[in-house]
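Here is the structure we will look at, set down as structure tokens.
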Amino acid sequence: MIDYKNELNKGQYEAVVRTDTPLLVLAGAGTGKTRVITYRIAYLINEIGIDPERILAVTFTNKAAEEMKHRLRSLVGTAAGSVWMGTFHSISLRILRRDGQTVGLKPGFGVIDQDDRMSLFREVIKTLRIDHKKYPPKQYMNKISWFKNTPQYVEGQIPDAGAFHRVDEVFREYQKRLDEQFLIDFDDMLSLTIRMFEASEEVRQYYSAMFEHILVDEYQDTNAIQFMFLRLLAGRSGRICVVGDDDQSIYGWRGADIRNILEFDKHFSDVEVVKLTENYRSTADIIARANTLIKNNAMRRGKELTAHLETEGALEHLSLLNETSEADFVTKTIARYAEEGISYGDMAVLYRTNAQSRNFEVNLNKTGIPYKVVGGTAFYQRREIKDLLSYLRFFDNSFDSVSFSRSLTTPSRGIGTTTIDKIREFASKNAVSLTEAVKQMFSAFGRGQQEAFRQYITTLDHLASFTKVSDMVNAVIERTGYKEYVLANESEEEAKKRIENIFELYNAAVAFEETSPEGTLTDFLASTSLSSSTDETAGDRVSLMTIHSAKGLEFDTVFLTGLENGLFPLYGSIDEPELMEEERRLCYVGITRAKRNLYVTCAESRIIYGNRTVSARSYFLEEMGFEKAKAVLAPSSRQFSDRFQNYSRRPSRTQNKEPLAPSKAGRKVRHEKFGEGVVINTTGEGAAEKAEVFFKNAGGLKKIVTAFLTFVDE
DNA sequence: ATCAGAGGTGTTTTT
DNA sequence: CACCTCTGAT
């Protein structure tokens, strides 16, 4: 039995039991948002008697869904498993799998992942003979992705020809190719679902009636069509409860519309609003900084956090000489806390851009502190994984030409792009599957290629004899000789890593079978396209991540780094009030991740795109009430200052050519392995500088990074 | 068909 | 700087 009154504070209780009208819960950071959602679901099931299958709970990430399920299980037991819980995308996908035929989807349609989608755009740009230098494929991808998230697109419009160079043609061609291959992309999941709801009142009614209660987490980061989705299901006065914090809206760049939360009461009728402002996570002084910072924003509903924990631990701001000393400081402090008994998993280093992770990695590596970079290349994006999955993808969908060509060419078997293009063309012209095309063209291939195709097709046919996904994965690993291929082509170290990942893929398939016993290969593949790197769990390691990735997380000790104008706030935001507010919210999110210790650092200079760049302290430091900090490792930058540029706007390329290093040609050098030699010439500069050296006793001419050479005095 | 090297380019954040 | 694509040589 759950004692709702005692286990929740007044506001939380109110948010849990108001189940009869649209409800907006404005939940500040650390005010027990997840608690409210899980208790509310428990309340709906246990006290109101709602069937768990009739509850829809939307989360921001897959990981958040998992965690919520986990917590819900401890409240309501196995019923937790029946609740519809997931991201907008995963829920839409589930709906489309069931009813997608109504909008013309083929039952076994596949999902194209980010990378393959990019390659598809590249191909399209090429066939349309658009100059990819002037008009990069990536821009088309972004624009079209953006467009697919607008209500206009959902209503059936296509991009306006005038909007961007030939964007309408690119859109048509891209969409045509997706359709031909029976694939949908990320954005289609939502837009097709909404189209389906709008096209078929019967289908809409079905789901609308099915979901008696809808809960949405992180509502401040929903976009226009996610709102449409909710409105179609909930109606104007439906049973919907959204939880969010306008001060933590940080995805405006992705189309999230902060008005969704600011104007919630306009969109729904008889809205109740509950504000949660009691913070149970952070100490009082951390909360104080967060409050003074966010006050500088104009676009907000307005609320102030009240701290429940007394001040203890550290709250410091440090100004470091450069990125290396910043990393040094962070590493040493982590080591100190570790000695004091704080576990690594309780510490996090946060930064604005992924590129900043490198310095921390280097330093932590040196010290042997275990860490985990959250948000690097996702597991399913790794080359070896994509290579192996491409066999399964093509096996699963014999129209998927991207996977066809990938699987056919790795490991290489004497069939290249020319041949593949011919097959594709044939398949497209005659509207047959690629396998069918190969069969019909078979006699036209040379003997070697025929043999290669025979082997390839046997491998695929072999897959048909399995029912379990893990067996298929295993068969691909064994039959393609992929491990041998890796061993032959990569360094020992690299090969080891890749092979480990390959085993991990098998494990993932086994895990998939456990969690979804009914799951098909199609489902498994779709789950791989949906999963992101932030979904992977950390273990007892220090977390390195962007502030965006840190959303929703908390740590005992947090390092908020790189507080410099141009970096955070990022250049380009500084002159745009709205963007500046989003940067400030991002900073607010960063601060409020910390429970006990918070270190806010900046560096006086750092290397950006290869140039050492001086930057001014972030505006946010003053806004947080950090006076100019004593410089740690006093700067001695004056002597270099003429080489520095100010980093408040994007560095330009032309101004910053460093003078070429004086020629080292002709000088005698020594290399640890190759012994003495003479420099012939050098290329590159700085750390990338290479020298062509003639070693008389070790095989003659070699190219060596100069860092590995020492001059020999004559 | 494959590879190494050169050259050009982009960089915020991600479901 | 690091990545990617194109190129030309093998």
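Proteins come first, then strands; the chains are lettered A, B, ... in the order of their sequence lines, and each starts at number 1. Fair warning: this is a prediction, and the values are worked out from it, not measured in the lab.
- Nucleotide B:dT14 holds its P atom 15 Å from the CG atom of A:N62, rounded to whole Å.
- Under the ring-ring contact (aromatic ring centres under 6.0 Å, His included) criterion, A:F620 pairs with A:F568, sequence neighbours left out.
- Qualifying side chain to side chain donor-acceptor pair (under 3.5 Å) partners for A:S390, counting only residues two or more places apart in sequence or in other chains: none.
- Atom pair A:K126:NZ and C:dT5:P shows a separation of 10 Å (rounding to whole Å applied).
- The separation between A:L567 atom CG and B:dT13 atom C1' is 12 Å, rounded to whole Å.
- Summary of the strand contacts: A:K138 and A:H89 both lie near DNA chain B, and taking for each the nucleotide with the nearest heavy atom, the more 5' one is attributed to A:K138.
- Within the 4.0 angstrom heavy-atom criterion, only backbone atoms of the sugar-phosphate kind lie near A:R122; the bases stay farther away.
- If you take atom P in B:dT13 and the same atom in C:dC4, they sit 14 Å apart, rounded to whole Å.
- Listed nucleotides B:dT14, B:dT12, B:dT15 differ in distance to A:Q114; the shortest reach to its side chain belongs to B:dT15.
- Ion pairing of A:E564 with A:R606 is present here, as a side-chain N (NZ or NE/NH1/NH2) and a carboxylate O approach within less than 4.0 Å.
- With respect to A:R300 and A:D247, a salt bridge is recorded, a charged nitrogen being found less than 4.0 Å from a carboxylate O.
- Taking the side-chain contact (heavy atoms from CB on, under 4.5 Å) definition, one finds that A:N365 meets it with A:Y371, sequence neighbours left out.
- Comparing B:dT15, B:dT12, B:dT14 by their nearest atom to the side chain of A:E583 picks out B:dT12.
- Put simply, CD1 on A:I184 is 17 Å from P on B:dT15, counting in whole angstrom units.
- Close to B:dT12, at under 4.0 Å from its OP1 or OP2, lies no side-chain N or O of A:N354.
- You'll find a donor-acceptor pair under 3.5 Å spanning the side chain of A:R352 and the base of B:dT13, going by distance alone.
- For B:dT14, one of the phosphate oxygens OP1 or OP2 lies less than 4.0 angstrom from a side-chain nitrogen or oxygen of A:T546.
- Note on A:Y251: only backbone sugar-phosphate atoms sit closer than 4.0 angstrom, heavy atoms only; bases stay farther off.
- No salt bridge links A:E361 with A:K372; every basic N to acidic carboxylate O contact stays at or beyond 4.0 Å.
- In this structure, CD1 of A:I608 is placed 13 Å from P of C:dA2, rounded to the nearest angstrom.
- As rounded to whole Å, 11 Å separates atom P of B:dG10 from atom CE of A:M118.
- Within residues 139-149 of chain A, no residue places a heavy atom under 4.0 Å from DNA chain B.
- Taking the nucleotide of DNA chain B with the nearest heavy atom to each of A:S573 and A:T409, the more 5' of the two is matched to A:T409.
- The interatomic distance linking A:D188 (CG) with B:dT15 (P) rounds to 18 Å, in whole Å.
- The base of B:dT13 sits with one of its N or O atoms less than 3.5 Å from a complementary donor or acceptor on the side chain of A:W253.
- By the side chain to side chain donor-acceptor pair (under 3.5 Å) test, A:T480 is found to be paired with no residue, residues two or more places apart in sequence or in another chain being considered.
- Every side chain to side chain donor-acceptor pair (under 3.5 Å) that A:D387 has, sequence neighbours left out, goes to A:R406, A:Y482.
- Across the protein-nucleic acid pair, A:Y219 atom OH and B:dT15 atom C1' stand 17 Å apart, rounded to whole Å.
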